[in-house]
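A short worksheet on the structure shown next.
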Protein chains: 2
Amino acid sequence: MELSRRGDYAVRAMLDVATRPADRMTVTKEIALRQDIPPIFLTKIVSSLSQAGLLRTYRGVAGGVALGKPADQISLLQIIEAVEGPIYINRCLIRRGECDRDRACPAHELWVQAQGELLGLLANKSLADLARRAQELQQAPMADFAA
Amino acid sequence: MELSRRGDYAVRAMLDVATRPADRMTVTKEIALRQDIPPIFLTKIVSSLSQAGLLRTYRGVAGGVALGKPADQISLLQIIEAVEGPIYINRCLIRRGECDRDRACPAHELWVQAQGELLGLLANKSLADLARRAQELQQAPMADFAA
DNA sequence: CATAAAAGGATAAATTATATCCTATTTGCC
DNA sequence: GGCAAATAGGATATAATTTATCCTTTTATG
Ligand code: SF4
Ligand code: SF4
């Protein structure tokens, strides 16, 4: 019942890319340094994000990674599912009939609801939202100072 | 991001006890049979539920288990946390300061919200609710037949 | 061609989840 | 008292998953 490290790393990495100047490419190793993520592990995560279309990657000397689409079209759900696969709170939600009790199981209905709410929340939160909020949080101490 | 087997088993076991006549005790082995749970594993789960006060257990020849308190005072959250420990969606929610980025991390706020909603849902659903719904579901096919 | 980057396969290490075994303890009953 | 049936609990085994690294390949730049 816990987000994996992969998922947390992925969100941080995407956020890192999103909050850098868009005209310059970012290199995975530097993301790893800034975000304190094991560098080789991060390359795997970046690879998943790239395959999901959330990052665009460029090989070679001047290579690196950039957002695969505008930050407001990338949801947290997409990021997490890109690296962890589909989210399901209980196995009966993988697909109908995965648990043969699901028709008569009152808990099943509860999981359907809980999962719906969770996915809804994640699907409605965009990387752009997070990036904006990150900026606010960074400026918050300044604001205190200025006031 | 998935409920463990322990949690699912625990809910089923509690529901099994709750839907049996309250004047007779239930024996763990029979719960395991009815609910298709590995019997020896279930004894461990029952033990956790008992230590949390959700079940009362009785040793000896005429022993077994019974609800530790009225079904409407047992929430799904209590059941799951009894066998899985505290639920947290991401590690920064274990306790404040567990992740030293939490002050400046916009994702943290999202997890706080998501966790709040999930726990709220589980805390507000009682075993009695589930038992009632179980009965409805059992009668549903009959209703189809009668109509 | 040398260098710097991502891609990808194989594998290692660590952790957690699932499950069983064995012995002890409690209790009811003959 | 002694047997049988039940939970209690420690130790352990097995399996699965997660986390992380290593090594080789491919791609692009200058
Ligand atoms: S909640 Fe019910 S339907 Fe879902 S896996 Fe558990 S028993 Fe099956
Ligand atoms: S979401 Fe943010 S605060 Fe929470 S663990 Fe991840 S980085 Fe830390």
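Letters A, B, ... are given to chains in the order of the sequence lines, protein chains preceding strands, and every chain is numbered from 1.
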Over how many whole Å does the gap from A:Arg6 atom CZ to D:dA20 atom C1' extend?
11 Å
Would you please confirm or rule out a distance under 4.0 Å between OP1 or OP2 of D:dT7 and any side-chain N or O of B:Ser47?
no
Output the rounded distance in Å from CG (B:Leu49) to P (D:dA8).
11 Å
Mapping A:Ala62 and A:Lys44 onto DNA chain C by nearest heavy atom, which one lands closer to the 5' end?
A:Ala62
The first and last nucleotides of DNA chain C lying within contact of chain A, meaning any atom under 4.0 Å from one of its heavy atoms, run from C:dT3 to C:dG9
Among D:dT7, D:dT19, D:dT29, which nucleotide has an atom closest to any side-chain atom of B:Arg59?
D:dT7
Choosing from D:dT7, D:dA20, D:dG9, which nucleotide comes nearest the side chain of A:Pro38?
D:dA20
Between CG of B:Leu42 and C1' of D:dA8 the distance, given in whole Å, is 14 Å
Just to be sure I understand the rule, does A:Gln51 reach a base, reach only the sugar-phosphate, or reach nothing, if contact means heavy atoms closer than 4.0 Å?
sugar-phosphate
Distance check needed: D:dT14 C1' versus B:Arg5 CZ, whole Å only.
18 Å
Can you tell me if the side-chain N/O atoms of B:Thr43 get under 4.0 Å from OP1 or OP2 in D:dA8?
no
Taking D:dA20, D:dA8, D:dC22 as options, the one with an atom nearest any side-chain atom of A:Ile40 is D:dC22
Listed pairs, N/O of protein and of nucleotides 15-17 of chain D, under 3.5 Å:
none

